[in-house]
Amino acid sequence: MSIYDSLNDSQKEAVFTTEGPLLILAGAGSGKTRALTHRIAYLIEEGIARPENIMAITFTNKAAGEMRDRVDNLAGQEAGKVWVATFHSSCVRILRRFISRLGYDNNFVIYDTDDQKTLMKEICKNLNINTKLYKERSLLSAISSAKNELIGPEKFAKIHGGDFSKQKIVEVYKEYQSQLYKNNALDFDDLIFKTVELLETNEDVRDFYQESLRYIMVDEYQDTNTAQFKLVSLLAGKYKNLCVVGDDDQSIYKFRGANIQNILSFETVFPEAKVIKLEQNYRSTKNILHAANEVIRHNEGRKDKTLWTQKEEGEKIILNQFETAYDEAASISKDIRELVENEGYKYSDIAVLYRTNAQSRILEEKLIRDLIPYKIINGINFYQRREIKDMLAYLRTVDNGRDDIAVKRIINVPKRGIGDVTISKVQDYAIRNEYDFFDALSKSREIPLAENTVCRVNSFVNFIHSLRDKLDTVTVRGLLEEIIDETGYLAELKLENTEEAQARIENVEELINKTAEFDERKADEALSEFLSDAMLMTNLDSLDTDTDYVPLMTIHNAKGLEYPKIFLTGMEDGLFPGFMSIGSDDPDELEEERRLCYVALTRAMRSLTITCARQRMVRGETQLNNISRFVTEIPEDMLDMKIKEGRMLGYKGRGSLASAPGRPSAKPFFLEKSYDPKKFEVKKADALSYGVGDTVKHVKFGEGKVMEVLDGGKDFEVTVDFQKAGTKKLFASFAKLQKI
DNA sequence: AATAGAATGTTTTTT
DNA sequence: ACATTCTATT
């Protein structure tokens with residue numbers, strides 16, 4: 001018996017193919033992490049590679065942690081030397097050692113999204129950029145996209161030099177990058193970009209890593225961007241032992257730079273590449289898997305593969321349409337109770353998924369009322385919280401005096417009477433003399449400032465200096481505690497005496513624990529190390545298995561997870577797929593939404609309930625939505641629609657994607673009474689003052705032509721083609737349309 | 001400098 | 001609807 005006996009044939013092939021470029025197309029639930037970890041174990045066990053010559057790269061800390069555990073379990077002692085890390089932390093590791101070659105200091109800081117925004121705001125101010133025309137966010141996103149494509153400021157200028165509309169971006173990008181350099185800071189994209197630059201321009205460094213990392217494995221390969229692809233190509237450039245694992249059907253991060261071409265054309269880039277498909281799914285029942293297959297089949301640009309399973313047929317997929325989102329939530333809550341009380345499910349066996357975070361509120365409210373334990377798994381991560389960022393900014397200031405963003409963040413936190421006016425005076429002085437902001441503060445006497453202000457500034461400067469003096473003798477924890485004591489940060493929060501302040505206090509205390517942990521683990525490492533760990537760290541409170549609760553999360557968040565029971569909510573055209581992707585002229589946007597839907601469906605192991613509402617509040621407007629086109633791509637015989645009479649509104653039946661303006665008027669149906677107390681009564685007019693073909697006026701949308709009037713029983717549903725706002729479906733009693 | 005009311009802009013998220 | 005960010009006021 002060997003550990004490889006439990007693998008299927010394709011998995012075995014993937015494990016035993018150790019040389020040359022290898023693309024493993026691993027469908028959902030096909031055991032790709034298993035294959036990957038066994039492959040690492042095999043390399044070590046057979047003596048093909050020493051552990052320190054193996055690298056496994058993932059995207060998230062969580063994935064890296066899981067991989068680490070599994071490798072350690074499979075391959076024993078030696079496995080600790082395998083390089084298992086995320087893209088970003090791998091790059092930090094390389095850059096901490098060699099970035100001086102690029103002119104940065106080795107104790108560079110990492111700027112997160114918040115810091116980037118702060119910096120960008122300043123740049124826009126200095127360059128007199130009209131932020132109404134050029135939003136900080138879109139400027140940053142343009143820069144990020146450029147960096148993901150390995151286009152630096154100069155190259156960007158060359159490419160877009162002739163494009164007048166891009167001139168501002170060219171200018172901003174250049175300034176942004178030089179500010180980062182001045183602050184000895186790298187943003188997340190730079191971590192990859194600069195590592196690529198380093199390896200490209202320094203042959204000895206490249207050679208060092210190519211020799212050292214002879215076998216490279218990349219997980220979730222479909223999520224890589226161009227820069228990340230370049231990075232692994234460079235690292236694997238000598239021995240070409242690059243094994244990538246991914247599923248093009250689960251590529252859902254285009255919006256943050258993922259280049260699906262990386263996986264689709266892997267064989268073109270590496271003509272000698274071997275391709276292995278893992279198509280046996282070990283997760284879902286036949287019904288669920290076939291439904292998912294049917295949906296994803298509608299995408300054009302994909303590698304051909306069809307998942308299959310030996311599992312039983314299983315239950316049909318339940319499809320429920322409700323009148324309102326409140327009814328939807330009530331039904332889900334009731335179903336969860338039922339499943340737990342009568343069908344042996346634990347709360348933690350059940351997950352509720354949605355497209356947008358905004359949908360969680362209604363669900364949450366209902367679950368609270370019904371006393372169902374739940375937890376919203378959201379993105380707001382620990383290290384991004386205000387109080388934590390404040391504390392880190394202090395540490396950053398101590399660590400790297402060039403980090404202007406950090407200094408400015410905490411110079412008046414807690415309040416020291418150093419306001420915007422003072423800050424901009426110091427800033428002007430700093431720019432005139434080419435000082436760092438902190439150095440300018442140290443010379444506050446030379447700036448025309450009020451005597452009082454000079455005093456305050458000096459006491460801040462002295463405080464930071466006193467902390468720096470202790471750097472060599474004190475632990476990170478000691479440093480942090482001194483900061484907290486001296487600034488009275490916690491004391492101030494305690495005075496507030498609110499629930500929110502209490503939470504902040506607990507967070508700061510948690511940060512103290514983190515520093516203590518760090519000190520114990522890496523006694524000899526510098527403050528810079530703690531800070532980059534912190535900047536690259538995210539949600540600490542991911543999944544704790546001790547408590548039994550229903551997780552609520554976005555579909556993006558659910559990737560990589562599986563649950564016996566899934567509730568897929570808000571499956572409505574306009575919400576999922578969202579307006580943006582429906583209206584887009586880029587067909588790939590809709591395909592990406594469909595992939596997202598595929599990810600959602602394939603999370604379910606035994607049972608899946610799809611829900612939607614006819615009527616939903618979106619951004620303060622009540623919208624009427626049809627059932628998601630993706631649902632209509634699931635063959636009807638796999639669905640249990642629970643419809644007593646007629647067809648479900650918006651359900652156009654098998655595979656039909658055609659928009660059907662003249663669809664039959666179905667009566668809305670109710671599975672149960674609406675519970676919403678806020679719900680207002682609708683008075684249906686006996687007759688409308690307008691009809692099809694009339695021109696009407698709406699308060700918000702302006703003038704439009706009535707395309708269709710449907711008697712929904714309770715109210716009239718009117719479809720109007722507005723000249724400016726496009727076609728909308730409205731309830732007559734809400735819309736208050738005026739005939740013209 | 002601090003605060004309260006107005007304007008704004010709203011998929012998805014990791015690092 | 002709602003949260004964040006901006007502006008105008010004291």
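Since the model is a prediction, treat every value here as computed from it, not as a measurement.
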Could you please name the option among [options] that lies closest to any side-chain atom of [X]?
X	options	result
Thr422(A)	dA1(B), dG9(B), dT12(B)	dA1(B)
Phe255(A)	dT11(B), dT13(B), dT15(B)	dT13(B)
Arg361(A)	dA1(C), dA2(B), dT14(B)	dA1(C)
Thr86(A)	dT5(C), dT15(B), dT11(B)	dT15(B)
Arg256(A)	dT14(B), dT12(B), dT15(B)	dT14(B)
Met617(A)	dA2(B), dA1(C), dT12(B)	dA1(C)
Lys135(A)	dT11(B), dG9(B), dT15(B)	dG9(B)
Thr113(A)	dT13(B), dT11(B), dT15(B)	dT15(B)
Lys121(A)	dC6(C), dT13(B), dA1(B)	dC6(C)
Glu589(A)	dT11(B), dT15(B), dT13(B)	dT11(B)

Nearest-Å distance, [atom1] ([X]) to [atom2] ([N])?
X	N	atom1	atom2	result
Tyr354(A)	dT13(B)	OH	P	9 Å
Gln116(A)	dT15(B)	CD	C1'	10 Å
Gln623(A)	dA1(C)	CD	P	13 Å
Glu136(A)	dG9(B)	CD	C1'	13 Å
Asn61(A)	dT13(B)	CG	P	17 Å
Leu590(A)	dT12(B)	CG	C1'	15 Å
Glu593(A)	dT11(B)	CD	C1'	7 Å
Gln384(A)	dT13(B)	CD	C1'	10 Å

### Query
Is there a donor N/O on one and an acceptor N/O on the other, under 3.5 Å, for the side chain of Arg619(A) and the base of dT10(B)?
no

### Task
Would you mind telling me which residue lines up with the more 5' stretch of DNA chain B, Gly578(A) or Arg416(A), judged by nearest nucleotide?
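It is Arg416(A) whose nearest nucleotide is closer to the 5' end.
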
## Note on the structure
Walking DNA chain B from its 5' end, the first of Leu596(A) and Gly417(A) to be reached, judged by nearest nucleotide, is Gly417(A)

Using a heavy-atom cut-off of under 4.0 Å over every strand shown, decide if [X] touches base, sugar-phosphate, or nothing.
X	value
Phe59(A)	sugar-phosphate
Arg137(A)	sugar-phosphate
Asp189(A)	nothing
Phe87(A)	nothing
Gly419(A)	sugar-phosphate

### Query
Should the pair Lys254(A)-Asp586(A) be classified as a salt bridge under the 4.0 Å nitrogen-to-oxygen rule?
yes

### Query
Going by atom types only, do Glu149(A) and Thr226(A) share a side-chain donor-acceptor pair under 3.5 Å?
yes

### Task
Could you check Thr453(A), Asn458(A), Thr422(A) and say which one makes a side chain to side chain donor-acceptor pair (under 3.5 Å) with Ser444(A)?
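Result: among Thr453(A), Asn458(A), Thr422(A), Asn458(A) is the only option passing the side chain to side chain donor-acceptor pair (under 3.5 Å) with Ser444(A).
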
### Query
Could you walk me through whether Gln177(A) and Asp190(A) pass the side-chain hydrogen bond (donor to acceptor under 3.5 Å, both in side chains) check?
CA-CA 9 Å; Gln177(A) 206 52 34; Asp190(A) 277 343; 3.2 Å; yes

#### Entry: Euclidean distance for C1', dT11(B) against dC6(C) (whole angstrom)
25 Å

### Task
For nucleotides dT5(C) and dT12(B), find the distance between their P atoms and express it as a whole number of Å.
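Per the computed distance, 16 Å lies between those P atoms.
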
Between [N] and [X], is there an OP1 or OP2 to side-chain N/O distance shorter than 4.0 Å?
X	N	answer
Asn557(A)	dT12(B)	no
Ser89(A)	dT15(B)	no
Asn357(A)	dT11(B)	no

### Query
Do the numbers put Lys408(A) on top of the ring of Phe437(A), so that NZ or CZ is under 6.0 Å from the six-membered ring centre and no more than 45° off the axis?
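Cation-pi check for Lys408(A) and Phe437(A): passes.
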
#### Entry: Greater than 12 external heavy atoms within 6.0 Å of Lys230(A)'s NZ
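Not more than 12 within 6.0 Å, no.
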
### Message
Are there over 12 heavy-atom neighbours, none belonging to Lys117(A), within less than 6.0 Å of that residue's NZ?
### Response
no

